[in-house]
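Data first, discussion second: the structure below is written as C-alpha coordinates.
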Amino acid sequence: MIFGGMQRSSTIDFPGALACVLFTRGCDLDCFYCHNRELIAGDGDQLAEAAVFSFLEKRRGLLDGVVVSGGEPTLQPDLEEFLRRVRPLGYRVKLDTNGRRPALVERLWKEGLLDYVAVDVKALPADYPAICGADCFSDVRLTIDTLCSLGAAFEARTTLYPGLDAGALGELLASFPPLPRWRLNYFHMPGAFRPVDETRLRLPALTPQSVGEALPKLLAAQPNLLHGA
Ligand code: SF4
(Lines give C-alpha, C1' and ligand atoms only; values in the text may rest on other atoms or scores of the structure.)
Protein backbone atom coordinates (compact mmCIF):
# COMPACT_ATOMS: atom_id res chain seq x y z
CA MET A 1 0.00 0.00 0.00
CA ILE A 2 1.22 3.48 -0.78
CA PHE A 3 0.20 5.83 2.00
CA GLY A 4 0.65 9.57 1.86
CA GLY A 5 -0.26 10.24 5.48
CA MET A 6 -2.36 9.42 8.50
CA GLN A 7 -4.68 11.22 10.88
CA ARG A 8 -4.09 9.51 14.19
CA SER A 9 -7.63 9.89 15.54
CA SER A 10 -10.95 11.21 14.37
CA THR A 11 -14.45 11.22 15.81
CA ILE A 12 -16.15 12.36 12.61
CA ASP A 13 -14.89 10.13 9.79
CA PHE A 14 -16.37 6.78 10.88
CA PRO A 15 -19.93 6.87 12.26
CA GLY A 16 -19.95 5.55 15.80
CA ALA A 17 -16.22 4.88 15.95
CA LEU A 18 -13.09 6.58 17.17
CA ALA A 19 -10.84 5.93 14.20
CA CYS A 20 -7.57 6.75 12.56
CA VAL A 21 -7.66 7.79 8.92
CA LEU A 22 -5.13 6.43 6.43
CA PHE A 23 -4.66 8.40 3.22
CA THR A 24 -3.54 6.39 0.21
CA ARG A 25 -1.68 8.01 -2.65
CA GLY A 26 -3.04 8.22 -6.18
CA CYS A 27 -6.47 9.01 -7.57
CA ASP A 28 -8.04 8.42 -10.97
CA LEU A 29 -10.24 11.50 -10.71
CA ASP A 30 -9.34 15.17 -10.51
CA CYS A 31 -12.18 16.99 -8.78
CA PHE A 32 -11.75 20.72 -9.14
CA TYR A 33 -12.49 21.27 -5.44
CA CYS A 34 -10.26 18.44 -4.15
CA HIS A 35 -8.83 19.04 -0.68
CA ASN A 36 -6.24 16.29 -1.03
CA ARG A 37 -4.68 17.52 -4.25
CA GLU A 38 -1.21 16.48 -3.12
CA LEU A 39 -2.46 12.88 -3.03
CA ILE A 40 -3.83 12.74 -6.58
CA ALA A 41 -0.44 11.92 -8.06
CA GLY A 42 0.87 8.60 -6.86
CA ASP A 43 4.34 9.90 -6.08
CA GLY A 44 5.55 12.06 -3.22
CA ASP A 45 6.37 11.47 0.43
CA GLN A 46 5.20 8.14 1.71
CA LEU A 47 4.29 6.72 5.06
CA ALA A 48 5.75 3.22 5.28
CA GLU A 49 3.26 0.39 5.70
CA ALA A 50 5.40 -0.94 8.54
CA ALA A 51 4.89 2.35 10.40
CA VAL A 52 1.14 2.06 9.87
CA PHE A 53 1.05 -1.43 11.35
CA SER A 54 3.27 -0.41 14.22
CA PHE A 55 0.81 2.38 15.01
CA LEU A 56 -2.20 0.06 14.68
CA GLU A 57 -0.60 -2.50 17.00
CA LYS A 58 0.00 0.16 19.65
CA ARG A 59 -3.52 1.55 19.43
CA ARG A 60 -5.33 -1.77 19.75
CA GLY A 61 -8.12 -1.33 22.26
CA LEU A 62 -7.78 2.47 22.16
CA LEU A 63 -9.12 3.09 18.66
CA ASP A 64 -12.26 1.36 17.35
CA GLY A 65 -11.72 1.72 13.67
CA VAL A 66 -9.57 2.37 10.65
CA VAL A 67 -10.72 4.54 7.76
CA VAL A 68 -8.96 3.79 4.49
CA SER A 69 -9.26 6.97 2.47
CA GLY A 70 -7.28 8.79 -0.18
CA GLY A 71 -6.63 9.53 -2.92
CA GLU A 72 -8.54 6.49 -4.07
CA PRO A 73 -7.82 3.35 -2.03
CA THR A 74 -9.31 0.93 -4.56
CA LEU A 75 -6.43 1.74 -6.92
CA GLN A 76 -3.99 0.06 -4.54
CA PRO A 77 -3.31 -3.45 -5.88
CA ASP A 78 -2.71 -4.85 -2.40
CA LEU A 79 -5.73 -3.29 -0.70
CA GLU A 80 -7.34 -6.66 -0.04
CA GLU A 81 -4.15 -8.09 1.40
CA PHE A 82 -3.77 -5.02 3.61
CA LEU A 83 -7.31 -5.38 4.94
CA ARG A 84 -6.67 -9.04 5.69
CA ARG A 85 -3.79 -7.98 7.92
CA VAL A 86 -5.84 -5.26 9.65
CA ARG A 87 -8.80 -7.52 10.45
CA PRO A 88 -7.06 -9.71 13.06
CA LEU A 89 -6.05 -6.57 14.97
CA GLY A 90 -9.70 -6.12 15.90
CA TYR A 91 -10.45 -2.85 14.15
CA ARG A 92 -13.64 -1.98 12.36
CA VAL A 93 -12.87 -0.86 8.82
CA LYS A 94 -14.40 1.88 6.72
CA LEU A 95 -13.57 2.39 3.06
CA ASP A 96 -13.88 5.80 1.40
CA THR A 97 -14.18 5.45 -2.37
CA ASN A 98 -15.05 7.44 -5.46
CA GLY A 99 -17.16 4.48 -6.56
CA ARG A 100 -15.38 3.58 -9.79
CA ARG A 101 -14.72 -0.08 -8.88
CA PRO A 102 -18.04 -1.72 -7.96
CA ALA A 103 -16.77 -5.28 -8.43
CA LEU A 104 -13.89 -4.76 -6.01
CA VAL A 105 -16.12 -3.14 -3.38
CA GLU A 106 -18.56 -6.03 -3.75
CA ARG A 107 -15.81 -8.59 -3.27
CA LEU A 108 -14.32 -6.83 -0.23
CA TRP A 109 -17.74 -6.60 1.37
CA LYS A 110 -18.65 -10.21 0.65
CA GLU A 111 -15.33 -11.36 2.10
CA GLY A 112 -16.12 -9.58 5.34
CA LEU A 113 -13.26 -7.12 5.09
CA LEU A 114 -15.37 -3.96 5.43
CA ASP A 115 -17.81 -2.67 8.05
CA TYR A 116 -18.81 0.56 6.38
CA VAL A 117 -18.38 2.23 2.99
CA ALA A 118 -18.66 5.88 1.97
CA VAL A 119 -19.23 6.42 -1.74
CA ASP A 120 -18.85 9.82 -3.36
CA VAL A 121 -21.75 10.83 -5.58
CA LYS A 122 -20.22 13.92 -7.01
CA ALA A 123 -22.69 15.34 -9.50
CA LEU A 124 -25.45 14.66 -11.96
CA PRO A 125 -24.32 12.22 -14.68
CA ALA A 126 -23.83 14.86 -17.37
CA ASP A 127 -21.74 17.01 -15.02
CA TYR A 128 -19.27 14.32 -13.96
CA PRO A 129 -16.63 15.06 -16.65
CA ALA A 130 -16.55 18.77 -15.82
CA ILE A 131 -16.57 18.30 -12.05
CA CYS A 132 -14.12 15.44 -11.65
CA GLY A 133 -12.60 14.75 -15.04
CA ALA A 134 -14.23 11.42 -15.93
CA ASP A 135 -17.55 10.21 -17.28
CA CYS A 136 -18.02 7.57 -14.60
CA PHE A 137 -21.44 8.09 -13.05
CA SER A 138 -22.58 4.64 -14.23
CA ASP A 139 -19.82 2.98 -12.17
CA VAL A 140 -20.79 5.00 -9.10
CA ARG A 141 -24.40 4.08 -9.63
CA LEU A 142 -23.49 0.40 -9.88
CA THR A 143 -21.45 0.63 -6.67
CA ILE A 144 -24.43 2.11 -4.83
CA ASP A 145 -26.87 -0.39 -6.31
CA THR A 146 -24.52 -3.23 -5.36
CA LEU A 147 -24.18 -2.04 -1.76
CA CYS A 148 -27.97 -1.74 -1.56
CA SER A 149 -28.48 -5.27 -2.83
CA LEU A 150 -25.88 -6.59 -0.36
CA GLY A 151 -27.65 -4.85 2.53
CA ALA A 152 -24.32 -3.19 3.32
CA ALA A 153 -23.81 -0.39 5.83
CA PHE A 154 -22.88 2.57 3.70
CA GLU A 155 -23.45 6.21 2.90
CA ALA A 156 -23.42 8.33 -0.22
CA ARG A 157 -21.80 11.69 0.17
CA THR A 158 -21.78 14.81 -1.93
CA THR A 159 -19.64 17.90 -1.66
CA LEU A 160 -21.71 21.00 -2.34
CA TYR A 161 -19.27 22.33 -4.88
CA PRO A 162 -19.48 25.94 -6.08
CA GLY A 163 -22.02 26.25 -8.85
CA LEU A 164 -24.20 23.36 -7.63
CA ASP A 165 -27.63 24.79 -6.92
CA ALA A 166 -30.48 23.38 -4.88
CA GLY A 167 -32.41 22.32 -7.99
CA ALA A 168 -29.56 20.18 -9.32
CA LEU A 169 -28.89 18.77 -5.85
CA GLY A 170 -32.55 17.80 -5.52
CA GLU A 171 -32.47 16.16 -8.93
CA LEU A 172 -29.35 14.18 -7.95
CA LEU A 173 -30.85 12.99 -4.66
CA ALA A 174 -34.11 12.01 -6.37
CA SER A 175 -32.30 9.96 -9.00
CA PHE A 176 -31.54 7.29 -6.35
CA PRO A 177 -33.91 5.30 -4.16
CA PRO A 178 -33.80 6.34 -0.49
CA LEU A 179 -30.37 5.31 0.79
CA PRO A 180 -29.38 4.36 4.36
CA ARG A 181 -27.53 7.65 4.70
CA TRP A 182 -26.58 10.52 2.39
CA ARG A 183 -24.19 13.09 3.74
CA LEU A 184 -23.83 16.62 2.37
CA ASN A 185 -20.44 18.24 2.86
CA TYR A 186 -20.30 22.00 2.67
CA PHE A 187 -17.66 23.49 0.43
CA HIS A 188 -14.51 25.07 1.82
CA MET A 189 -11.88 26.62 -0.38
CA PRO A 190 -9.01 24.15 -0.83
CA GLY A 191 -5.51 25.26 0.06
CA ALA A 192 -4.21 24.22 -3.36
CA PHE A 193 -6.01 24.20 -6.69
CA ARG A 194 -5.35 24.45 -10.41
CA PRO A 195 -5.19 28.13 -11.45
CA VAL A 196 -7.66 27.41 -14.25
CA ASP A 197 -10.26 26.47 -11.62
CA GLU A 198 -10.05 29.62 -9.54
CA THR A 199 -13.02 31.31 -11.23
CA ARG A 200 -15.40 28.41 -10.65
CA LEU A 201 -14.08 27.85 -7.14
CA ARG A 202 -15.31 31.34 -6.36
CA LEU A 203 -18.85 30.73 -7.63
CA PRO A 204 -21.55 30.70 -4.95
CA ALA A 205 -21.91 27.42 -3.09
CA LEU A 206 -24.89 26.11 -1.14
CA THR A 207 -24.83 27.07 2.53
CA PRO A 208 -26.60 25.56 5.54
CA GLN A 209 -29.18 28.32 5.14
CA SER A 210 -29.86 27.62 1.46
CA VAL A 211 -29.96 23.88 2.07
CA GLY A 212 -32.38 24.53 4.93
CA GLU A 213 -34.70 26.41 2.61
CA ALA A 214 -34.70 23.50 0.14
CA LEU A 215 -34.88 20.85 2.85
CA PRO A 216 -38.50 19.65 2.40
CA LYS A 217 -37.80 18.73 -1.21
CA LEU A 218 -34.39 17.24 -0.42
CA LEU A 219 -35.75 15.14 2.43
CA ALA A 220 -38.62 13.93 0.28
CA ALA A 221 -36.01 12.42 -2.04
CA GLN A 222 -33.59 11.20 0.64
CA PRO A 223 -35.17 10.95 4.11
CA ASN A 224 -31.84 9.94 5.67
CA LEU A 225 -30.05 13.07 4.57
CA LEU A 226 -27.32 14.43 6.84
CA HIS A 227 -27.02 18.13 6.17
CA GLY A 228 -25.54 19.74 9.28
CA ALA A 229 -22.95 22.48 8.89
S1 SF4 B 1 -11.97 11.53 -5.83
FE2 SF4 B 1 -11.37 12.48 -3.87
S3 SF4 B 1 -9.10 12.41 -3.84
FE4 SF4 B 1 -9.77 12.02 -5.96
S5 SF4 B 1 -9.67 14.04 -6.93
FE6 SF4 B 1 -11.79 13.73 -6.21
S7 SF4 B 1 -11.89 14.66 -4.16
FE8 SF4 B 1 -9.68 14.38 -4.70
Side-chain angles (χ1 to χ4, degrees), residues 1-7 10 12-14 19-47 66-77 79 82 93-105 108 114 116-144 146-147 154-164 168-169 172 176 181-198 200-203 205-206 226:
M1 293 283 281
I2 300 177
F3 294 107
M6 170 172 61
Q7 185 178 336
S10 166
I12 60 172
D13 287 279
F14 193 155
C20 66
V21 185
L22 303 173
F23 298 96
T24 58
R25 278 203 172 278
C27 186
D28 52 351
L29 294 182
D30 194 345
C31 308
F32 78 98
Y33 53 78
C34 180
H35 272 261
N36 291 330
R37 184 150 291 280
E38 74 284 359
L39 294 174
I40 293 178
D43 50 9
D45 291 344
Q46 291 184 19
L47 174 63
V66 175
V67 178
V68 186
S69 189
E72 175 50 42
T74 64
L75 288 174
Q76 302 286 325
L79 175 62
F82 173 78
V93 175
K94 172 181 177 243
L95 175 71
D96 290 347
T97 178
N98 63 24
R100 294 193 74 178
R101 272 159 219 86
L104 175 57
V105 172
L108 295 176
L114 303 175
Y116 197 78
V117 182
V119 184
D120 293 342
V121 181
K122 294 181 180 296
L124 285 164
D127 295 332
Y128 250 75
I131 299 305
C132 60
D135 189 5
C136 60
F137 181 88
S138 58
D139 293 327
V140 177
R141 176 84 206 203
L142 184 54
T143 298
I144 300 258
T146 299
L147 289 167
F154 80 99
E155 67 183 45
R157 55 184 191 180
T158 301
T159 295
L160 303 178
Y161 62 81
L164 178 69
L169 176 62
L172 179 62
F176 287 81
R181 186 175 282 176
W182 194 316
R183 187 183 306 274
L184 302 181
N185 291 324
Y186 291 93
F187 170 75
H188 300 285
M189 194 73 170
F193 49 83
R194 295 173 300 203
V196 70
D197 290 325
E198 181 160 4
R200 59 175 169 167
L201 283 166
R202 298 196 183 283
L203 290 171
L206 290 168
L226 299 176

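Given the structure is predicted, the values throughout are model-derived calculations rather than measurements. Each ligand, and each atom within it, is numbered from 1 in the order the structure gives.
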Check R141 with D139, please: is the shortest side-chain N to carboxylate O separation under 4.0 Å?
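No, no charged N to carboxylate O under 4.0 Å.
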I need the atoms of ligand 1 closer than 4.0 Å to a non-hydrogen atom of L29, numbered in the order shown.
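Once the distances to L29 are compared, the set is 5 (S).
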If only side-chain N and O atoms count, and only distance matters, is there a donor-acceptor pair under 3.5 Å linking N98 with D28?
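Their side chains do contain a donor-acceptor pair, which is all the 3.5 Å distance test asks for.
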Within 45° cone and under 6.0 Å: R181 NZ/CZ vs F154 ring
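R181 over F154 ring: no.
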Hey, does the Lys NZ or Arg CZ of R37 hover above the aromatic six-ring of F193, less than 6.0 Å from the centre and inside 45° of the axis?
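Judged by the rule, R37 and F193 form no cation-pi pair.
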Please confirm whether N36 approaches ligand 1 to less than 4.0 Å, judged on its heavy atoms.
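No.
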Region of D30 engaging ligand 1 - heavy atom pairs below 4.0 Å:
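It is the backbone that gets close, since no side chain atom is under 4.0 Å.
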Is there an N/O/S atom in C31 at a distance below 2.8 Å from atom 6 (Fe) of ligand 1?
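Given the 2.8 Å cut-off, C31 counts as a ligand of atom 6 (Fe) of ligand 1.
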Can the ring centres of F3 and F82 be said to be less than 6.0 Å apart?
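They qualify: ring centres under 6.0 Å apart.
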List the closest protein heavy-atom neighbour of [atom]: residue, atom name, distance to the nearest 0.1 Å.
| atom | result |
| --- | --- |
| atom 8 (Fe) of ligand 1 | C34 SG, 2.3 Å |
| atom 3 (S) of ligand 1 | G71 N, 3.6 Å |
| atom 2 (Fe) of ligand 1 | K122 NZ, 4.2 Å |

Once you measure the plane-to-plane angle for F187 and H35, does it fall in the parallel (<30°), tilted (30-60°) or perpendicular (>60°) bin?
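Answer is perpendicular, since the angle exceeds 60°.
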Taking 2.8 Å as the cut-off, does C27 contribute an N, O or S atom near atom 4 (Fe) of ligand 1, distance below it?
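Short answer: yes, at least one N, O or S atom is under the cut-off.
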